[in-house]
Every structure is written in structure tokens, then in C-alpha cells.
Amino acid sequence: MKKKHHYFFAVKLPVEAKTYIKEQVLKHKNQFPFRRWVHHQDYHITLAFLGVAEAALLETAADQVSSVVQKNNRFTLTVSKAGVFGRPREPRVFWLSVSQSGQLQNIRDSVYQICLETGFKVEKKPFRPLITLARNWDASFPFTKELLNRFEVPPYTFPVEEIVLYETHLDQTPKYKEYAVFPLAGSGGN
């Protein structure tokens, strides 16, 4: 039986940004007993999660996203502070936010709209640009705001040069594979 993969559009982080975030995680990881830490090569900023998808729909969405992305210039984002989702004492997701960006929001809105119009059932939650670091608090003591405040990450600015359609391979590490890559104008990919 053929495995079905999930797909999502995301901002691709450059290698240098992934390395920087990995170094920050390694400095603090022992104080944060989460069950699963994201492999540094899998760091990204999700724009639209598609789930399982037919090849024809993926190609339609990819063609339209390519047209939109190539009309946008590269830009920068800055890693800022850590946060969590889920129950405050047992968070489900530990993440690192990035600076607000009108250009990022515009690209995300365009990608999201394309996915809707193509027929994907994408989440309706407001967009929060973030990089997932870990999942599922796994300690005998509760997670606290004071603990979160210990995860200090000096600001780091990185270029955004590509949007990627990723394919998920849950049985591999790293688990996200590039299905299609869309360079922004002015990036090395053009």
C-alpha cells in the first residue's frame, strides 16, 4: 500500500538561520523536557497546511503560487522570542516567533487564498509566523512563565529567499522534503 504524504507551503529558512536556532536550542534544551524536538533541518514557517493531496491539485496550486512568489522581492525576518501553545502547565508546542512583516503577511495571504480556491481545506486560524522547536511537555513539574523567560534568544535577522512546498515523511529524519521550490525576486534562485 502506497504511503500518503501530507503537504504544506512554508518559508524556507536559510542554513545559517537553522544553524543559529539549533545552537540556541542546544544551550537551553536540558531545561526544557519536551518529548520531541524538531530536527534543525526541518525548521520552517508554515504558510498553509494542505494535508493529503492529489498530484493534480498540488500542481495547480504550485503553478499559481510560483506566479505570485516570483512577483515578490526577497526580504528579511528577525527571530524574536519563544512561546507555547496548549495548556499553560503542559504545553503541546514550543515555538520561536519571528518579526511581523507586511511582505510575509501578503505572501501568506496570497498562498492561503490560492489553496482555498484550488479546493484545499486549510485552517482558518489567524496567521502567526513562528518556527516550531519542540512538542509535548514531558516533565513531572509544570511548565511556567518563569521557565519560558529563561529561553532567551538574541535577535537574529535572516533573508527570506524561497517559499517551498514540503512533503512530510514521518518515518524519516529530517522529515520534510522539498516537493517544489519558489524563489522570490532578487534571490540567488533567479
Side-chain angles (χ1 to χ4, degrees), residues 5-25 37-80 93 95-118 120 122-123 125-134 153-170 172-190:
H5 301 287
H6 290 150
Y7 297 86
F8 61 95
F9 285 101
V11 169
K12 180 179 180 179
L13 274 60
V15 171
E16 297 81 9
K18 291 178 181 183
T19 301
Y20 176 79
I21 295 167
K22 175 186 175 184
E23 289 167 357
Q24 299 307 310
V25 165
W37 287 86
V38 174
H39 190 281
H40 72 280
Q41 290 180 23
D42 284 336
Y43 294 152
H44 66 276
I45 302 167
T46 302
L47 301 175
F49 181 76
L50 309 178
V52 175
E54 296 175 22
L57 285 179
L58 282 176
E59 295 306 320
T60 299
D63 287 345
Q64 292 178 28
V65 166
S66 178
S67 296
V68 167
V69 170
Q70 67 186 351
K71 294 175 187 169
N72 285 272
N73 289 320
R74 60 178 284 191
F75 58 99
T76 60
L77 293 172
T78 302
V79 170
S80 60
V93 178
W95 47 263
L96 196 58
S97 66
V98 295
S99 54
Q100 292 295 324
S101 162
Q103 193 164 359
L104 175 61
Q105 186 67 52
N106 290 339
I107 290 171
R108 190 280 179 169
D109 291 347
S110 296
V111 169
Y112 185 87
Q113 191 60 38
I114 288 167
C115 293
L116 279 176
E117 291 171 2
T118 305
F120 291 103
V122 288
E123 292 181 336
K125 292 188 260 181
F127 176 58
R128 291 185 67 180
L130 56 87
I131 301 159
T132 300
L133 301 177
V153 176
Y156 178 83
T157 301
F158 61 92
V160 174
E161 298 183 335
E162 296 175 323
I163 303 301
V164 175
L165 175 57
Y166 283 108
E167 180 179 71
T168 302
H169 294 260
L170 296 176
Q172 298 176 16
T173 303
K175 66 182 177 181
Y176 303 136
K177 306 294 180 208
E178 294 178 1
Y179 184 85
V181 178
F182 314 102
L184 281 86
S187 64
N190 277 358

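Heavy atoms only: backbone and side chains are in, while hydrogens, waters and symmetry mates are out. Note that the structure is a prediction, hence the values are computed from the model and not measured. Throughout, numbering of the chain's residues begins at 1 and tracks the sequence.
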Checklist line | Residue pairs passing the salt bridge (Lys or Arg N to Asp or Glu O under 4.0 Å) test where at least one lies in residues 5-21, sequence neighbours excluded | finding: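 Applying salt bridge (Lys or Arg N to Asp or Glu O under 4.0 Å) to every pair that reaches into residues 5-21, excluding sequence neighbours, yields Lys12-Glu162, Lys12-Glu178.
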Residue list, side-chain hydrogen bond (donor to acceptor under 3.5 Å, both in side chains) with Gln113, at least two apart or on another chain
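Only Glu117 meet the side-chain hydrogen bond (donor to acceptor under 3.5 Å, both in side chains) criterion with Gln113.
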| said: Once side-chain hydrogen bond (donor to acceptor under 3.5 Å, both in side chains) is applied, do any residues pair with Ser97, and if so which ones, sequence neighbours excluded? | reply: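 Listed in chain order: Ser80.
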I want to check something: taking the side chain as every heavy atom from C-beta on, are [X] and [Y] in contact at a cut-off of under 4.5 Å?
X      : Y      : answer
Val164 : Phe9   : no
Val153 : Ile21  : no
Asn73  : Gln103 : yes

With sequence neighbours left out, what residues match [X] under side-chain contact (heavy atoms from CB on, under 4.5 Å)?
X      : value
His169 : His5, Glu167, Asp171, Gln172, Lys177
Gln105 : Asp109, Phe127
Thr157 : Thr76, Thr78
His44  : Phe8, Ala10, Thr46, Tyr166, Tyr176

Identify each donor-acceptor pair in which a side-chain atom of residues 55-68 lies under 3.5 Å from a protein atom, sequence neighbours left out, and give them as a table.
unit_1, atom_1, unit_2, atom_2, d
Glu59, OE2, Tyr179, OH, 3.1
Thr60, OG1, Ala56, O, 3.0
Ser67, OG, Asp63, O, 3.3

Ring pair (Phe, Tyr, Trp, His ring centres under 6.0 Å) with Phe49: which residues, sequence neighbours excluded?
->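 With neighbours one apart ignored, the set is His6.
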inquiry  = Can you list everything that forms a ring pair (Phe, Tyr, Trp, His ring centres under 6.0 Å) with Tyr156? Sequence neighbours excluded, please.
reply    =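 Tyr156 satisfies ring pair (Phe, Tyr, Trp, His ring centres under 6.0 Å) with Tyr20 once adjacent residues are dropped.
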Practice item. Please list, chain by chain and in numerical order, all residues satisfying salt bridge (Lys or Arg N to Asp or Glu O under 4.0 Å) with Glu123, sequence neighbours excluded. Key: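 Here the qualifying residues are Lys125.
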* Listed once per pair and sorted, the ring-ring contact (aromatic ring centres under 6.0 Å, His included) pairs that draw on residues 53-78, sequence neighbours left out ->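 For residues 53-78: none.
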